[in-house]
There are 2 protein chains.
Amino acid sequence: MAEPLYLQISGRLRQGILTGEYKPEDMLPSENELAARYSTSRVTVRKSLGVLESEGLVRPWHGKGYFVQPPKYTMFTLYFGDDATDGRFRFQEVTILRPEKDVAEKLLLKKHQMAIVTRRILERDDRVVAYDEKFVPYERGVPSIEFELHFTEFPHMFEERFAPMSLHTEMTIGMETAPEHVCAALSLAADKPLLVVGRLIRASDDKPVGFAKQYLTEAFGKLSARSGYYTQEKL
Amino acid sequence: MAEPLYLQISGRLRQGILTGEYKPEDMLPSENELAARYSTSRVTVRKSLGVLESEGLVRPWHGKGYFVQPPKYTMFTLYFGDDATDGRFRFQEVTILRPEKDVAEKLLLKKHQMAIVTRRILERDDRVVAYDEKFVPYERGVPSIEFELHFTEFPHMFEERFAPMSLHTEMTIGMETAPEHVCAALSLAADKPLLVVGRLIRASDDKPVGFAKQYLTEAFGKLSARSGYYTQEKL
DNA sequence: AAGTGGTCTAGACCACTTC
DNA sequence: AAGTGGTCTAGACCACTTT
């Protein structure tokens with residue numbers, strides 16, 4: 001048994017879908033039909049259909065059958081991380097300050113509540129290509145984490161205090177005219193628009209625990225993503 | 001049976017992982033152990049573990065057990081499509097021309113080979129917020145698709161000619177100084193940098209079949225994405 | 001040898017859809 | 001009533017890991 005039977009079946013069906021033998025909206029042979037055709041049990045057939053379902057190629061409809069899904073191209077997968085790039089980070093400063101309104105709102109800071117800010121510069125081939133800012137709400141009595149702020153990838157900082165799996169990140173990508181201190185650090189003309197990636201980290205109760213903002217110059221390059229045949233609309 | 005048993009089991013285990021009862025690198029109870037604990041069969045237990053595996057929370061190791069996966073924060077899911085936005089597209093023109101070098105290279109155009117170009121403008125609340133360009137290699141004898149170019153979502157145009165499921169898209173996000181005709185259409189100062197989303201569509205043999213470029217103004221807003229607990233590294 | 005996950009069987013009963 | 005998928009059982013044998 002080189003290849004398990006269920007993979008043989010799903011492979012054969014996938015081929016049928018990709019070559020157009022089964023077209024979108026078409027119904028696949030029923031589980032019983034397939035079980036008979038391959039002289040196997042319904043459980044094995046179901047497992048093979050589960051493979052196609054997880055690939056988004058097919059969806060079952062209770063009481064009717066399995067239907068080939070039309071492809072959706074609107075879902076992309078993007079890789080992005082603190083250290084997902086070449087280059088070297090140069091630490092700039094750690095301070096405690098009251099952040100701008102947009103950041104304060106994202107972190108749900110109380111009036112006059114401060115935030116710990118870490119600032120870094122990304123250098124590549126002796127060129128400054130990005131500027132990196134991280135904000136964490138400052139609370140008295142909570143062990144300070146400023147010393148590790150520039151060592152680890154951002155979300156990892158919170159793993160000790162929150163159950164690690166309970167964090168998630170919301171990312172926004174846009175263009176902003178950079179504030180003065182960023183332009184200065186990047187040796188750019190003031191008010192130059194930059195590609196800005198913001199990442200808001202929330203705990204499982206949706207409470208924001210940190211916000212990172214990265215200003216990317218043209219020298220940084222572009223972000224890239226990829227879409228497959230995603231069909232799930234779990235939302 | 002309000003909730004199927006396998007979902008009850010996976011729910012209980014998920015809770016254990018999210019609350020830190022089972023930590024990353026920890027091993028879950030074995031299939032047999034769980035089957036005994038819930039007075040059920042191994043098949044049902046396996047189904048519940050399959051749920052957690054598909055969520056990236058857990059990974060099985062043949063001969064050892066199921067292990068809780070450390071979270072990865074570098075993978076984001078991004079939604080983006082032609083019509084994934086509010087607003088109305090206003091058709092501008094269809095022409096046949098030789099595209100700029102960068103586009104020609106992406107489409108692997110032969111020397112002097114032309115491309116069909118469609119240009120549209122996205123308006124929202126009577127404001128122009130984005131400019132949209134699509135390039136398709138021009139080949140004599142191939143049925144022209146310029147008439148549908150501005151009706152359907154980009155990848156759908158190719159579904160008739162390629163097996164529908166065999167397309168995939170590569171997306172890049174960056175900042176570019178917009179060419180003159182774009183600035184003019186958007187009523188912007190010349191050479192203004194814009195947020196640019198490029199989408200290259202390939203057939204299953206990786207042959208490029210179309211390229212879309214969208215210039216987004218600040219009025220368009222930002223792109224957003226979200227990361228969960230993804231652990232898969234299928235690549 | 002003993003324990004683990006990976007594959008598979010030959011049934012069963014239920015819920016949903018169609019006729 | 002007949003066909004479909006959804007859930008579940010109580011076994012079996014195999015491959016991998018640890019002792």
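Only a predicted model underlies this, so the values are computations on that prediction, with no experimental measurement involved. Naming convention: chains lettered A, B, ... in sequence-line order (proteins, then strands); numbering from 1 in each chain.
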Tabulate atom names and distances for all N/O pairs under 3.5 angstrom spanning the protein and nucleotides 12-19 of chain C.
from, atom 1, to, atom 2, distance (Å)
C:dA15, N3, A:His62, NE2, 2.7
C:dT18, OP1, A:Lys64, NZ, 3.1

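Atom CZ of B:Arg127 has 12 or fewer heavy atoms from other residues, nucleotides or ligands within 6.0 Å.
Contacts of residues 20-27 of chain B with DNA chain D (heavy atom under 4.0 Å): none.
Comparing D:dT7, C:dT4, C:dT9 against the side chain of B:Tyr6 picks out D:dT7 as the nearest.
In terms of phosphate contacts, A:Ser41 brings no side-chain nitrogen or oxygen within less than 4.0 Å of OP1 or OP2 of C:dA10.
A side-chain donor-acceptor contact under 3.5 Å links A:Tyr66 and A:Glu31.
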Test side chain to side chain contact (heavy atoms under 4.5 Å, CB included) applied to B:Gln214 and B:Leu195, step by step: CA-CA 8 Å; B:Gln214 294 181 298; B:Leu195 186 59; over 6 Å; no
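Residues B:Tyr22 and B:Pro29 meet the side-chain proximity criterion, which asks for heavy atoms closer than 4.5 Å.
When each of B:Val43 and B:Ser30 is assigned the nucleotide of DNA chain C bearing its nearest heavy atom, the one mapping closer to the 5' terminus is B:Ser30.
Between B:Arg120 and B:Glu133, none of the side-chain N atoms (NZ, or NE/NH1/NH2) sits under 4.0 Å from a carboxylate O, so this pair counts as no salt bridge.
For the pair B:Ser48 and B:Ser10, the tightest heavy-atom approach, listed with the atom from each and the gap, is O-CB, 3.4 Å.
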Dot-bracket summary - DNA chain D, pairs being Watson-Crick or G-U whose distances fall under 3.5 Å, with | when paired to another strand: ||||||||||||||||||.
